[in-house]
Participant: 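Attaching a single structure in structure tokens format; questions to follow.
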Amino acid sequence: MSSPRGTLILVFLLLLLGGREFFRVHYSAKALEMGPPPLAGGALVYLGEGFPEQGVHHFSDDSTPRAVIQMTLPKTAFVLEKNPAMNSPLQSGEGLKLLFENSKPLEIKRFWSPAEMRMAFFIPLHPDRMDMRDWQALPGIGPGLALRIEKNRQKNGDFGCLENLIRVKGIGNRLIQRLKIYF
């Protein structure tokens with residue numbers, strides 16, 4: 001076969017791969033800007049240790065940990081009647097973990113799922129519900145800046161909103177603008 005023909009095929013394949021990469025990056029950035037498709041109400045909740053079907057699940061509005069346990073583990077008798085955490089509604093991004101002792105439910109733990117998981121499901125982040133690992137999951141924030149953010153919050157109190165991160169050395173308006181899609 002002739003060399004020019006092989007070169008033409010190689011150029012065509014490179015253009016095809018380059019174009020595919022361009023559209024993948026372009027449309028994934030557009031998807032982040034547009035946000036998730038709307039949910040019909042409810043909350044996305046991570047079910048962890050102690051649940052038979054671990055992972056992120058969608059529950060209806062005002063679902064409580066008690067209701068989730070009754071739905072997912074109907075034969076489990078859970079006696080924490082006076083625990084207010086059992087009866088307050090779950091929010092998107094929360095997680096539940098059941099601790100057992102001798103196959104009897106001992107305790108339920110509520111927690112915020114990691115920022116990486118919330119971002120993957122388009123659950124908005126809140127600057128006062130993040131730890132150092134969560135901050136480092138965001139583009140443009142490394143270990144040093146995450147530590148400064150945590151120290152600033154401990155010293156000066158909660159941020160309240162993303163814009164108040166401006167008080168942290170090393171955070172400017174450009175970084176705040178880039179992070180807005182996650183909050």
Participant: Should we say atom CZ of R129 is surrounded by more than 12 heavy atoms from elsewhere, each under 6.0 Å from it?
Facilitator: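 Yes.
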Participant: Begin with the C-alpha distance, continue with both residues' side-chain angles, and end with the deciding distance and a verdict on side chain to side chain contact (heavy atoms under 4.5 Å, CB included) for V68 and V45.
Facilitator: CA-CA 10 Å; V68 169; V45 177; 5.8 Å; no
Participant: Any donor-acceptor pair under 3.5 Å linking the side chain of D158 with the backbone of G160?
Facilitator: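 Looks like no, no N/O pair under 3.5 Å.
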Participant: Is any side-chain heavy atom of E53 closer than 4.5 Å to a side-chain heavy atom of L47?
Facilitator: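 No, their side chains stay 4.5 Å or more apart.
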Participant: Can you measure from CG (L147) to CD (Q136) and round to the nearest 0.5 angstrom?
Facilitator: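 One gets 9.0 Å once the value is rounded to the nearest 0.5 Å.
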Participant: Looking only at non-hydrogen atoms, find the nearest pair between M130 and A115 and report the distance.
Facilitator: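 Smallest interatomic distance, heavy atoms only, reads CE-CB, 4.3 Å.
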Participant: Is there side-chain contact between Y46 and L96, with heavy atoms separated by less than 4.5 Å?
Facilitator: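 Not touching, per the 4.5 Å side-chain cut-off.
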Participant: Would you check if F183 and P127 make a side-chain contact, meaning some heavy-atom pair closer than 4.5 Å?
Facilitator: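 Answer yes - side chains close enough.
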Participant: Do NZ/NE/NH1/NH2 and the carboxylate oxygens of E116 and R118 come within less than 4.0 Å?
Facilitator: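 Here E116 does not pair with R118 in a salt bridge, since their nearest N and O are not under 4.0 Å apart.
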Participant: Is any side-chain heavy atom of H57 closer than 4.5 Å to a side-chain heavy atom of T72?
Facilitator: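 Contact flag for H57/T72 side chains = no.
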Participant: Would a distance-only check, ignoring hydrogens and angles, find a side-chain to backbone donor-acceptor pair under 3.5 Å from N156 to R153?
Facilitator: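 Here the side-chain-to-backbone pair does not exist.
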Participant: Atom OH of Y182 and atom CE of M119: how far apart are they, to the nearest 0.5 Å?
Facilitator: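 One finds 6.0 Å between OH of Y182 and CE of M119.
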Participant: So if you build clusters from Ile, Leu, Val, Met, Phe, Trp, Tyr with side-chain heavy-atom gaps below 4.5 Å, do I123 and W112 land together?
Facilitator: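 Different clusters: I123 never reaches W112 through Ile, Leu, Val, Met, Phe, Trp or Tyr contacts under 4.5 Å.
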Participant: So, the side chain of R148 versus the backbone of K169: is there a donor-acceptor pair under 3.5 Å, distance only?
Facilitator: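 Flag set: sc R148 to bb K169 pair under 3.5 Å.
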Participant: State plainly whether the residues K180 and E163 are in salt-bridge range, i.e. N to O under 4.0 Å.
Facilitator: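 Between E163 and K180 there is a salt bridge, with a charged N closer than 4.0 Å to a carboxylate O.
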Participant: Measuring from atom CG of L179 to atom CG of L165, what distance do you get when rounded to the nearest 0.5 angstrom?
Facilitator: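 One finds 8.0 Å between CG of L179 and CG of L165.
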Participant: Looking at L98 and L73, what are the two nearest heavy atoms and their distance?
Facilitator: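 Nearest heavy atoms, L98 then L73: CD1-CD1, 3.3 Å.
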Participant: Restricting to non-hydrogen atoms, name the atom on S63 and the atom on M71 that form the minimum distance, rounded to 0.1 Å.
Facilitator: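 Closest approach of S63 to M71, heavy atoms only: OG-CE, 4.2 Å.
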Participant: Shortest non-hydrogen contact from R110 to S88?
Facilitator: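 Minimum heavy-atom separation between R110 and S88: NH1-OG, 2.6 Å.
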Participant: Would you call L162 and L125 a side-chain contact if the rule is heavy atoms closer than 4.5 Å?
Facilitator: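 No; the side chains remain at least 4.5 Å from each other.
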Participant: If you round to the nearest 0.5 Å, how far is SG of C161 from CD1 of I166?
Facilitator: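 Result: 11.0 Å between the selected atoms.
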Participant: Check for a donor-acceptor pair, side chain of Q154 on one end and backbone N or O of K151 on the other, with a separation under 3.5 Å.
Facilitator: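 It does not hold such a pair.
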Participant: Report yes if some heavy atom in the side chain of L145 is under 4.5 Å from a heavy atom in the side chain of V168; otherwise report no.
Facilitator: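 The answer is yes; the side chains approach within 4.5 Å.
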Participant: Please tell me if the side chains of E49 and L99 come closer than 4.5 Å, counting only heavy atoms from C-beta onward.
Facilitator: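 Answer yes - side chains close enough.
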Participant: How long is the straight-line distance from CG of N164 back to CD1 of I176, given to the nearest 0.5 Å?
Facilitator: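 CG of N164 is found 8.0 Å from CD1 of I176.
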Participant: Output, in order, the C-alpha distance, side-chain angles, deciding distance and verdict of side chain to side chain contact (heavy atoms under 4.5 Å, CB included) for D62 and L90.
Facilitator: CA-CA 7 Å; D62 300 326; L90 291 162; over 6 Å; no
Participant: Side chains of F59 and L44, heavy atoms from C-beta outward: is any pair under 4.5 Å?
Facilitator: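 Counting from C-beta outward, F59 and L44 never come under 4.5 Å.
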Participant: Would you kindly confirm whether M117 and M132 end up in one hydrophobic cluster when ILVMFWY residues are joined by side chain heavy atoms under 4.5 Å apart?
Facilitator: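 No; M132 is not reachable from M117 via cluster members.
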Participant: First locate atom CZ of F122, then atom OG of S92, and finally report the distance between them rounded to the nearest 0.5 Å.
Facilitator: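 So the CZ of F122 and the OG of S92 are separated by 13.5 Å.
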